Protein chains: 2
Amino acid sequence: MTVMETTSTTSTASADSCAGPPRQPRRPDGQDKYTISEVVTLTGLTAHTLRWYERIGLMPHIDRSHTGQRRYRNRDLDWLDLVGKLRLTGMPVADMVRYAELVREGDHTYAERFDLLKSTRDDVLSRIAELQDTLAVLDRKINFYADAGQALASERAS
Amino acid sequence: MTVMETTSTTSTASADSCAGPPRQPRRPDGQDKYTISEVVTLTGLTAHTLRWYERIGLMPHIDRSHTGQRRYRNRDLDWLDLVGKLRLTGMPVADMVRYAELVREGDHTYAERFDLLKSTRDDVLSRIAELQDTLAVLDRKINFYADAGQALASERAS
DNA sequence: TAAAACCTTGGAGTGTGCTCCAAGCAAGCG
DNA sequence: CGCTTGCTTGGAGCACACTCCAAGGTTTTA
């Protein structure tokens with residue numbers, strides 16, 4: 001009855017500013033079968049999202065137990081890692097689905113996969129450039145407010 | 001009657017890969033009054049979006065002509081430039097509205113504005129790091145497909 | 001002065017990427 | 001056996017950031 005589904009830790013504001021990204025727990029060695037909830041803890045995605053990815057054709061075929069429950073394998077986790085990376089680039093899910101289709105279609109789609117990844121790479125490069133541009137603007141403003149804060153402090157001191 | 005509202009050039013796929021970002025037209029010198037459609041061409045935003053920004057409190061007070069039409073000034077365009085930059089960082093609109101409120105409230109909010117920009121800056125830095133990480137993954141895959149393409153080519157040649 | 005182009009509003013609609021629900025089956029434990 | 005916990009499905013719902021509409025007033029051009 002009660003479902004509750006691990007509603008992914010609300011990381012709205014990155015609380016600790018002086019730590020790396022929240023590292024996902026590492027996969028246990030020598031295992032090649034994971035339940036959906038194990039994949040939840042390994043990837044940080046919700047079970048809802050994992051099932052949704054499958055519905056929209058973003059996943060390869062996922063093995064099932066004799067009673068129909070999903071049994072993910074290491075290659076599926078590798079795929080989810082890639083999807084996670086692509087998601088960070090802002091790539092639309094539809095494009096990732098297209099890439100997944102190309103993979104399913106076999107080796108003769110290498111060229112098209114190459115093109116897709118290459119243009120994604122170009123996008124990433126320009127996103128980085130944009131962000132660095134923004135960083136400069138931000139730094140100018142931050143310095144302004146820092147100086148203004150200093151000015152107020154020394155005003156209080158005098 | 002006919003509205004049509006300049007439905008922002010569909011830049012779904014960045015067509016020309018070997019060109020800089022699509023530079024917005026530069027502001028005419030010595031002008032300090034712009035209609036909404038002039039702001040549309042200067043910013044690349046739609047008129048809908050400009051009005052919506054105003055409704056949600058993301059804009060400072062915008063002057064009006066004697067008949068109630070918007071007349072943007074250079075400082076408003078500066079603000080829109082900043083908003084555009086912040087939007088690129090993935091900052092939620094709600095946070096930008098918060099910043100706009102702080103600006104409206106006056107000089108005594110300097111410290112809070114500093115904090116907000118600083119944490120945004122931190123976010124930008126980690127986004128850049130993520131993207132560079134992704135770039136490495138992408139490059140490995142791209143190299144794989146490039147090599148595979150070479151292999152196929154030399155196979156055909158032999 | 002008339003037509004065409006542009007601007008106004010509140011509110012409704014859209015696309016994306018999840019997020020959740022209801023109802024039911026299954027597996028492990030005491 | 002009953003209880004708890006976990007997994008299944010299709011479909012509905014949600015948050016965000018726009019995007020558009022209808023109906024009407026304004027400005028510019030010919």
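Note that the coordinates shown come from a computational prediction; the quantities given were computed from them, not determined experimentally. Proteins come first, then strands; the chains are lettered A, B, ... in the order of their sequence lines, and each starts at number 1. Any value given below was found using the heavy atoms of this structure, including those in side chains, with hydrogens, waters and symmetry copies removed.
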Near DNA chain D, under 4.0 Å by heavy atom, which residues of residues 73-99 of chain B?
Arg87(B), Pro92(B), Val93(B)
What's the CD1-C1' distance between Ile56(B) and dA15(D), to the nearest Å?
14 Å
Which nucleotide in the list dC6(C), dT19(C), dC18(D) gets nearest to the side chain of Ser37(B)?
dC6(C)
How many whole angstroms separate atom CD of Glu38(A) from atom C1' of dA27(C)?
14 Å
Selected nucleotide, minimal atom distance to His48(B) side chain, candidates dC7(D), dC20(D), dC21(C)
dC20(D)
Can you say whether a donor on the side chain of Arg55(B) sits under 3.5 Å from an acceptor on the base of dG11(C), or the other way round?
yes
side-chain N/O Arg51(A) vs dT9(D) OP1/OP2, d < 4.0 Å
no
Residue pair Tyr34(B) / Asn74(B), side-chain donor-acceptor N/O under 3.5 Å:
yes
Check ion pair Arg127(A)-Glu130(A) (N to O, under 4.0 angstrom):
yes
I need the full list of salt bridge (charged side-chain N to carboxylate O under 4.0 Å, His left out) pairs touching residues 84-93 of chain A, with sequence neighbours left out, sorted by first then second residue.
Lys85(A)-Asp133(B)
Same cluster or not: Val124(B) versus Leu88(A), using hydrophobic residues (I, L, V, M, F, W, Y) connected whenever any side-chain heavy atoms lie under 4.5 Å apart?
no
Considering only heavy atoms, which members of residues 63-71 of chain A lie under 4.0 Å from some atom of DNA chain D?
Arg64(A), Gly68(A), Gln69(A), Arg70(A)
Taking CG from Leu58(B) and C1' from dA17(D), how many angstroms apart are they, rounded to a whole number?
11 Å
